[in-house]
Amino acid sequence: MTATTTEAATDSYHPARIEPEIQRRWEQQGAHRAELGDGDKFYCLSMFPYPSGKLHMGHMRNYTIGDVISRYLGMRGRHVLQPMGWDAFGLPAENAAMANGVPPAKWTRDNIAHMRSQLKSLGFALDWERELATCDPDYYRWNQWFFLRLLKRGIAYKKTGVVNWDPVDQSVLANEQVVDGRGWRSGALVEKREIPMYYLRITDYAQELLDSIDQLDGWPDNVKTQQANWIGRSEGAEISFACGDETIKVFTTRPDTLMGATYMAVAAEHPLAREAARANPALAAFIEQCQKGGVSEAELATQEKLGMDTGLKAIHPLTGAELPVWVANYVLMGYGEGAIMAVPGHDERDFEFALKYELPIVQVITRPDGAAYDAQVWHYDYATKTGQLLNSGPYDGLSCEAGFQAIVNDLEKREAGRARIQFRLRDWGISRQRYWGCPIPIIHCDDCGDVPVPDEDLPVRLPEDLVPDGAGNPLARCEAFVNATCPNCGKPARRETDTMDTFVDSSWYFLRYTCSNNDQAMVDEHTRAWMPVDQYIGGIEHAILHLLYARFWTKLMRDEGLVDVDEPFSRLLTQGMVLAETYYREDESGRKQWFNPADVDIERDDKGRFLRAVLRDDGQPVEAGGVEKMAKSKNNGVDPQALVEQYGADTVRLFSMFASPPEQSLEWSDAGVEGAWRFLKRLWAGVHVHLEAGGTDRALDTAALDDAGRELRRLLHEAIAKVGDDYGRRYTFNTAIAAIMEFSNHLNRYQQAATADRALCQEAWSSIVRLIAPVTPHIAEALWQALGHAGSVFKAGWPEVDESALVRQTVTLVVQVNGKVRGRLALAPDSPREEIERQALAEENVRRFTEGQTVRRVIVVPNKLVNIVVG
RNA sequence: GCCGGGGUGGCGGAACUGGUAGACGCGCCGGACUCAAAAUCCGGUUCUGGAAACAGAGUGAGGGUUCGAUUCCCUCCCCCGGCACCA
């Protein structure tokens, strides 16, 4: 091979020419239409995108992972369904409308059209005939229909809930819209406000959702752990404390510490607190103070603990002692009973509160090793259940477990309490005071109350021409929408203007893909045939909420007789985020201006270490701000479309699969993309060098191969085995690609020799092309054809591993002395232990380290390692 | 604050079940080609010492278990995801 041949062959790789042509061919042939048939189905689902405007790297990575798995299993003969759709309702469309006056519907549909064409240019094997968008009435009518079934079953119900209220904009704010306790647009201090909302009784399914986590063998442990912790089953007791004529009911996981209860604390919204505040202006002011701030748990958990004595006394159910009742901002209405018994001796939050307000702290559980109790400083072991009870009267000396039982028994006898199981999980509030969402199909009638919209009147259509302005829900001001007739009595009535949480939309879209053109039913027999989803792929940020709601919704539909699976997703892959370097300059006022990495050049020293970064436009330095998640705010987003135009889809796909394993975060690197591009050029050139050398039609005669040929063929079949394992079992596409690169380096070297076996080269290139096809489908199609094969590479099947090619003549064993590598041995595989020991001890460098020492032990790991322990 | 995850060369990462730390790629250095550059090709590249052979150190920090630890255990530091109305 001469340099000029390579150059000519390299220069002839033109992705911009071949990719659109191959995509056209796939489309004409309906290559990606999902059809059931003989053999196993494979439903491969990637989380559908929110149509935010254009595809970002996270999407690109997500869908490439799904495409690699789909195409790989398609080549192995599975009937693959890989659909795509749009999570099209939500806040960003309303924000965009406020910014530029375009109705959310138009903005959303324009974005969908653009992003669809972007997805197509990336060559994903998607079945577009099943496309759906959650903002289409054909989709959301089934949200409404199913909601009405849930209402009938009592799973959906109405109660009040607490929301963030912006008193200036007169609007409910999302947690995201509360910044440092203020509304993001008005800057007003946010308040808590109680409003009526619809809820779904997910707590009825808490135990099942927890138990069936065990069935999720194909889910990562960290996600399963997070879900289990979120559901948070705890065994404890419900205890009633008399308080005047009222009763304060609390739940505690530690009834064994009941004798250490020194005060009670109730939430600011608790009826007793409100009652006490009527005669106590200071308390009323404090309760009002507690209404300030947002409702997010992170905010509540980190705020300073504040409280005030109500003056009320509660009676301890076992001792009859009077306990002061406090209002405390760390007790939350809506979590448990909105009241707690405080045991500052053994609960860290109560301890902190008691120290601050000088409430008594009593030790009722011994510490390990009889250590003394220090009521000034919290120690971690105070909260453990390892000690015995003390200062607990008749219960002294009992273990925590026995104390738990004894105290609960006594409470039951006095009818002051009972054992109870409590979940951390709360019912799912689905009402949103927003326009761009699925209308809740309810009509409010003065006479008949809340009346469900009859099935035949569904869908309740969302008007699509409204433009939100940030002050409340425009639906509520849309008379044409609000004015309705009561389905019950026929009198004028008002339509519900709340819409559903967008998590409702995304809780069953995977079911709808199986039958998206059915306008008679929510799901059908195709759903039963395709479900469950065999592989689900999406961002780790959805580990709890979306995945839990989708599991819940599936069980609801099962109990309605609509689907027959208990769990929707057999196997789950959670991809990490896509990151990029950030660059900025700071002006005098400390404000940072962010520059896109594409506009910045890096200067390095002669060892390749980073020296400084300069802006290409003015040659002046910029600061490196570290690697962060790609985001508009840091201007570090890299546009996949621009890269596709520059390098082609295959290069972008290759880099995003090669740069890191899917579960880890991926750091974007233009130089890395350049490397992927170079590899594809070398691959193209390597095949063409082979073809120019004559290719071959001759069958491979493995018996006739020389040593170099046998070695190359062993490496080939090792690579085939490794790549199949990486694609199919490990999902480590980076190592699969590394193995393909490594082997093609060997092959390029091998085929330059005059003695190279052309039939072996033909086998090798034809195999490599199939191995890389799931990642870079366009170049694979083109090279498959160039190698003289008819039809699509994706119909060619997966290369078989020839076990006989894997046999080695020798293996290399490492020889260690006291755990340090001192030499290597080349031996026949599975050599006898005595032979290995003899040769290891005879090795020259090994002898230097064993000389004059006693050999105490020799450890042999077959075909791998010998460790000689001396001393 | 609570729950989950992560930390390995100049950089992205590899090492799958406790067995050769650094595969593959980037960057950098040297060479070939070129009037020159780009592109391409060849070689080198964890750090320290050494011409080399080789030796010592080394996987966020500290300790432990083991013949042997990136991998298992304990303590600590830093970074990231989620926290129920962003999706």
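Values below: all heavy atoms of this structure, side chains included; hydrogens, waters and symmetry mates excluded. Throughout, a chain's letter reflects where its sequence line sits, starting with A, and its residues are numbered from 1.
Looking at heavy-atom distances under 4.0 Å, A/Asn734 makes contact with sugar-phosphate atoms alone, never a base. Using a 4.0 Å heavy-atom criterion, one finds that A/Arg824 contacts the bases of the nucleic acid, with or without backbone contacts as well. Counting any heavy atom pair closer than 4.0 Å across all strands shown, A/Met577 reaches sugar-phosphate atoms only and no base atom. Across all strands shown, A/Val163 has heavy atoms under 4.0 Å from base atoms, whether or not it also approaches the sugar-phosphate. A/Ile859 comes within 4.0 angstrom of a base, heavy atoms only. Nucleic acid contact class of A/Val172 (heavy atoms, under 4.0 Å, all strands): base. A/Ser52 comes within 4.0 angstrom of nothing in the nucleic acid, heavy atoms only.
For the OP1/OP2 pair of B/rC24 and a distance below 4.0 Å, the side-chain nitrogens and oxygens of A/Arg682 include no atom meeting the criterion. An OP1 or OP2 oxygen of B/rG27 is reached within less than 4.0 angstrom by no side-chain nitrogen or oxygen of A/Arg604. For B/rG4, one of the phosphate oxygens OP1 or OP2 lies less than 4.0 angstrom from a side-chain nitrogen or oxygen of A/Asn229. For B/rG13, neither phosphate oxygen OP1 nor OP2 lies less than 4.0 angstrom from any side-chain nitrogen or oxygen of A/Ser660. A/Lys681 has a side-chain polar atom (N or O) that falls below the 4.0 Å cut-off from OP1 or OP2 of B/rU40.
Under the 30°/60° scheme for interplanar angles, the aromatic rings of A/Trp436 and A/Phe89 are found to stand perpendicular. Ring pair A/His59/A/His56 is parallel by interplanar angle, where below 30° counts as parallel and above 60° as perpendicular.
Side-chain proximity of A/Gln226 to B/rG13, B/rG81, B/rC16: nearest is B/rG81. Comparing B/rG4, B/rC83, B/rG12 against the side chain of A/Ala298 picks out B/rC83 as the nearest. Among the nucleotides B/rC16, B/rA21, B/rA39, the one closest to the side chain of A/Gln816 is B/rA21.
Straight-line distance from the CD1 atom of A/Ile540 to the P atom of B/rG81: 12 Å, rounded to whole Å. If you measure from atom CG of A/Asn95 to atom P of B/rC85, you get 17 Å, rounded to the nearest angstrom. Across the protein-nucleic acid pair, A/Phe655 atom CZ and B/rG12 atom P stand 11 Å apart, rounded to whole Å. A straight line from NZ of A/Lys864 to C1' of B/rG19 spans 7 Å, rounded to a whole angstrom. Counting to the nearest Å, the P atom of B/rC42 and the CG atom of A/Asn748 are 8 Å from each other.
Along RNA chain B, the nucleotide nearest to A/Leu865 and the one nearest to A/Val162 differ in position, and the one closer to the 5' end is contacted by A/Leu865.
No N or O donor and acceptor, one from the side chain of A/Arg856 and one from the base of B/rC67, sit under 3.5 Å apart. The base of B/rU40 has none of its N or O atoms less than 3.5 Å from a complementary donor or acceptor on the side chain of A/Arg678.
As the counterpart of B/rU45, B/rG27 is assigned, both hydrogen-bonding distances of the Watson-Crick or G-U wobble pattern falling under 3.5 Å. Under the Watson-Crick or G-U wobble criterion, with both distances below 3.5 Å, B/rG62 is paired with B/rC74. Nucleotide B/rA14 is matched to nothing when pairs are restricted to Watson-Crick or G-U wobble geometry with both distances under 3.5 angstrom.
Base orientation of B/rG9: syn, since the glycosidic angle falls within 90° of 0.
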